Amino acid sequence: MERTELLRYLDFAREHGGLLAVTGTSERVSKIHVDGYQAGKLRGRFAGSGREMSYRFENIRSCHFASPQEQRRFEEYRTCLDAYGAGMEEVERLFTHYQEYYQQIVSQRKEQPHEEAFGEPKTDLKKQAADRLETIFHQAYLQPESLLTHYLLATPADPPETAKEQPILLLSRSNYSQKQAIERALSDRISVIEGPPGTGKTTTILSILANLVISGKRVVVVSKNNSAIENIKEELDGLRLPPFYLRLGNQQIMRELDHTLRSSVRETLDGALGIPERAPDEETLHSLYKRLKAMEADINRLVEIKNRLQEDENALRHMEKRREAFREEPVFRNIDRFQNRSLESIRREIDRIAHALQRLDYTGRYSIWDRIKNSFIWRLDVDSFKSEGLLLQFRLESIYLQRENEQLSAELEHAGLREKQRELAELYDRRYINVSTQALAQFLRAFYTAPERRKAAAEVMQCPEGNLYRGCRQAVRAFYPVILTTADALVYNFSDMLKGAGKIDCVIMDEASQCDLITGLPVLHLAERCIIVGDQKQLSAITDGASGALPAVKEPYDYFRENLLSSVQKVWSLEPTLLREHYRCDYMIINYCNKFYYDGELIIYTEAHQNAMQMVTVDQGKYAQPDRSGSSFCNEREIRAIEELTGPALEKTYVITPFKAQGEHLRSHFHCGKDVCGTIHTFQGRGQDTVFFSTVLNDLPFANNHLSGEHCLFKKELLNVAVSRAKKRFVMVTDAPFLHRKSEEMRDLIDYINSYGQRIPDKTVCLFDGLYRKMRAYTPHDNLDNIFEETVYRHIDTYISRHPQMYCRVKLPLANLITDQAYLDQDPAMRAFVLHHNTHVDFTLCNAIDNPVLAIELDGRFHNTPEQITRDEKKDAAIRHMRIPLWRLSSKAALTAGEFERQIDTLLNQSVFS
């Protein structure tokens, strides 16, 4: 035994142990019953000698301990010393700090309703939770390689040992990103799968389960809510296989299990024994898997083209409205020749015309090259170009989009998208899924015919009734490779393992954004490998506030700011695998979520229908009222408006709302349960053909408290869930003017329905970003004329970097923003001004659906001239009419970066619905 090692052992013993005796000679000590040491020498008393003796540590050969408990503590100490080294005390302090932080939260938060587990008597729930945390943190400290230890220390978790390569099983149709998620889940010790609505989280989990089981792993799937677990159970029940999973949970589920466990074990054994024996066809799966991935990558590319085609069709609808707004459209010579030009050629001509118009506006110059081109190609002299150049540009933009549509349609037709999708579906249904299911069936046959399983089954059969699982849980775990339960029930179902009795091979946490950190800590503690599945852009965990001061912790461990999904990603800097392919909602419905919440990363496989997004405006009166408690609100007028569209019965319809009181009134009115009418939280993870969204609030004093800050019930996550519940039709019933004015998130949704829904109001503006993104004339690359413009754009660019759903266009023609036909018809002078070559807007900020949300005009030294003042007044009036906020920024203004951004925020919040 090394001297330094023993020194540390004895140091620990001094604090925790007690001396019984020391035996040996003055030259060599053979045995020590440890007590401690002083001044670098071990002191003790020889039995019967009466003499004090001291011994040098290098003479010590072995240690004997007073009890097995002393020896176990020494062994634990040695393990921690090897792992943490000189930082051992610091690690212990850190673990104690986090333990105290979470225990204080437990002691201060509201006590939740609780069902007794396995018939145990109720205890002090807060003390029970605090004791459990103490156990978990102590065990994590003694297990340096556990996931929880790596999480608390923010150190990398080593990947599991590489197993032999085996084919990946797919028990249902899959897609390219799902396969990426499965591969990472099977290779990494900790992985994150981000699954937006309708992208197949549940089927991905099913395939991961199958692959873990066939590799001999024991898996537990947990979620904060029962509905997610039931979805996975339904998928497993749909397999043509003996049930190889067990559903655990709360007291009611465990009571039912006590009556069904024996019959379930018999059913599983009988089913496994009935599987005919055959050799698994691994080679077929290996070769087919590569073929499937290649086909899916190609199909994804084609579906992305199809999505672009749909966006172009939406843009053409807006262009047609703009053409109608300006009515007169001169016949331009040679315009027909551009019908057959390449897209690049048309785009270059649009860009040239736009630049020429801008130069006329900002410098008054008209280059010789532009003069020749416009005269030769279009037969336009200088005056004609000034008056008709913008209409020519608009005409070419329409031709460009029409040509792009034709090209994209031809590409899709030539590529045979539908044929490829049919071929892929057939490859799955006739071959891959069948071979995968057979491979899993053969594994289960071998698994359940093994002596260990027969022994476990016999133990279950012989176990006396009454808390059957508790009486033979080791046998149950040996029998079932997959267990499903909730995250809250996990600590009861696996209470023995919390104290260090082994690890679960893999824990899969579904809907992880809804799991708070205190509930999530046992998941990381129990798991040898962990797969975190969820969507950070949907509803997060609900956490009660603390009533007293708490120890400070680093941001990723903050109970009130983070959930398990966000915390794990921040601690380990994990890049999630995004499930991109969407199959559930109509294109027009999920496209809203894609634009505003998923940065356009989803590949939408569904078709588009113009009536998929609808809005019923109920603003004739103020019908919102508080319930008796004053904490929630209802609106009977909105309920009547829904009934006018649905009739007295709701078929294939959900009605959802942010407010509990409205949910209660809806259920009473339509005589239905919470599975049909209720709050948004109730419906996460579910979907229905038609969804009505009742927003309840009107312009009343109490409403403002629910439109901002912590009490806001119209946050991104809530609206994302609300909209994405609808498969075919989403209908919002709302006081649109009020919410458009008061809520940024609701304004975006209202604008989207106006732009993409069944009806397009006259004043809706859309800048068809797909086209303008390609045109240098409206980007800042080489289109800023002076230092003032460059400085302002840098500030705008910084603002946009913090608001990724916005972008900026430079020097847009005013005619792109003023498209109200009635307004232009009643004021010909304004119409002529809007169409004039020198009426541009310096900077235009646009949102995710290409609608302008803020115009910024730079006022330089020439803006005080009478002519310019008149022009500015006209421009201001036209922009105000379109309800677009306008900021006139003087070159003499002295603004800090923070003041600049705050002013933009203020102006955006002043937008008024019309």
Side-chain angles (χ1 to χ4, degrees), residues 539 589 592-593 595-597 613-626 632-642 645 655-663 665-666 679-681 691-726 730-761 763-765 805 847-849 851-854 882-885 905-914:
L539 297 175
I589 295 173
Y592 162 77
C593 305
K595 284 179 175 291
F596 284 100
Y597 307 129
M613 295 291 283
Q614 299 178 351
M615 181 167 59
V616 177
T617 299
V618 182
D619 62 344
Q620 300 85 358
K622 297 176 181 179
Y623 303 98
Q625 56 182 330
S632 189
F633 309 97
C634 60
N635 187 318
E636 287 290 344
R637 180 67 188 87
E638 289 188 4
I639 296 175
R640 297 292 180 182
I642 293 169
L645 296 174
V655 184
I656 59 181
T657 177
F659 297 100
K660 290 181 180 179
Q662 183 76 340
H665 279 70
L666 284 163
T679 60
I680 299 172
H681 290 80
V691 168
F692 284 85
F693 181 39
S694 172
T695 61
V696 176
L697 299 182
N698 299 122
D699 193 358
L700 295 164
F702 63 76
N704 293 323
N705 294 329
H706 296 273
L707 292 171
S708 62
E710 293 182 1
H711 299 289
C712 180
L713 292 178
F714 296 94
K715 295 179 181 178
K716 291 181 178 180
E717 297 81 7
L718 285 159
L719 293 182
N720 187 21
V721 172
V723 174
S724 59
R725 298 311 92 201
F730 175 83
V731 186
M732 183 162 67
V733 183
T734 184
D735 184 343
F738 164 64
L739 288 173
H740 192 282
R741 186 171 64 252
K742 290 292 188 177
S743 166
E744 179 181 353
E745 300 302 330
M746 286 298 293
R747 179 171 61 237
D748 288 338
L749 178 54
I750 291 166
D751 284 346
Y752 180 88
I753 296 175
N754 279 335
S755 297
Y756 287 80
Q758 192 172 21
R759 179 183 64 88
I760 303 178
K763 286 186 256 189
T764 300
V765 179
Q805 286 140 6
N847 63 11
I849 55 173
N851 279 348
V853 293
L854 176 63
M882 297 304 295
R883 301 294 192 265
I884 301 171
D905 286 334
T906 300
L907 289 165
L908 291 178
N909 290 330
Q910 289 176 357
S911 176
V912 180
F913 178 83
S914 74

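These numbers come from a predicted model, not from an experiment.
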Contact summary for [X] and [Y], nearest pair of heavy atoms:
{"X": "Ser632", "Y": "Ala661", "answer": "OG-N, 3.0 Å"}
{"X": "Thr695", "Y": "Asp735", "answer": "OG1-N, 4.2 Å"}
{"X": "Thr657", "Y": "Ser694", "answer": "OG1-O, 2.9 Å"}
{"X": "Tyr756", "Y": "Lys595", "answer": "OH-CE, 3.3 Å"}
{"X": "Leu697", "Y": "Ala624", "answer": "CA-CB, 4.1 Å"}

About how many Å separate [atom2] of [Y] and [atom1] of [X], when rounded to the nearest 0.5 Å?
{"X": "Asn720", "Y": "Glu745", "atom1": "CG", "atom2": "CD", "value": "10.5 Å"}
{"X": "Ile639", "Y": "Tyr623", "atom1": "CD1", "atom2": "OH", "value": "13.5 Å"}
{"X": "Phe702", "Y": "Leu707", "atom1": "CZ", "atom2": "CG", "value": "10.5 Å"}
{"X": "Tyr752", "Y": "Ile589", "atom1": "OH", "atom2": "CD1", "value": "8.5 Å"}
{"X": "Asp619", "Y": "His740", "atom1": "CG", "atom2": "NE2", "value": "13.0 Å"}
{"X": "Lys660", "Y": "His665", "atom1": "NZ", "atom2": "NE2", "value": "15.5 Å"}

*May I have the step-by-step check of side-chain contact (heavy atoms from CB on, under 4.5 Å) for Phe633 and Asn698, ending in yes or no?*
CA-CA 11 Å; Phe633 309 97; Asn698 299 122; over 6 Å; no

Is there a side-chain contact between [X] and [Y] in this structure, where contact means two heavy atoms from C-beta onward sitting under 4.5 Å apart?
{"X": "Phe659", "Y": "Asn635", "answer": "no"}
{"X": "Pro658", "Y": "Phe693", "answer": "yes"}
{"X": "Arg640", "Y": "Val733", "answer": "no"}
{"X": "Pro737", "Y": "Thr617", "answer": "yes"}
{"X": "Arg741", "Y": "Asp699", "answer": "yes"}
{"X": "Leu749", "Y": "Phe714", "answer": "no"}
{"X": "Gln620", "Y": "Val618", "answer": "yes"}
{"X": "Met732", "Y": "Ile750", "answer": "yes"}

*Run the side-chain contact (heavy atoms from CB on, under 4.5 Å) check on Glu717 and Val721 step by step: do they pass?*
CA-CA 6 Å; Glu717 297 81 7; Val721 172; 5.7 Å; no

For [Y], is there any backbone N or O sitting under 3.5 Å from a side-chain donor or acceptor partner on [X]?
{"X": "Arg747", "Y": "Leu908", "result": "yes"}
{"X": "Glu638", "Y": "Val696", "result": "yes"}
{"X": "Ser743", "Y": "Leu739", "result": "no"}

*Go through the steps for Gln614 and Ile753 under the test side-chain contact (heavy atoms from CB on, under 4.5 Å), then give the verdict.*
CA-CA 6 Å; Gln614 299 178 351; Ile753 296 175; 5.6 Å; no

*Go through the steps for His681 and Leu718 under the test side-chain contact (heavy atoms from CB on, under 4.5 Å), then give the verdict.*
CA-CA 8 Å; His681 290 80; Leu718 285 159; 3.7 Å; yes

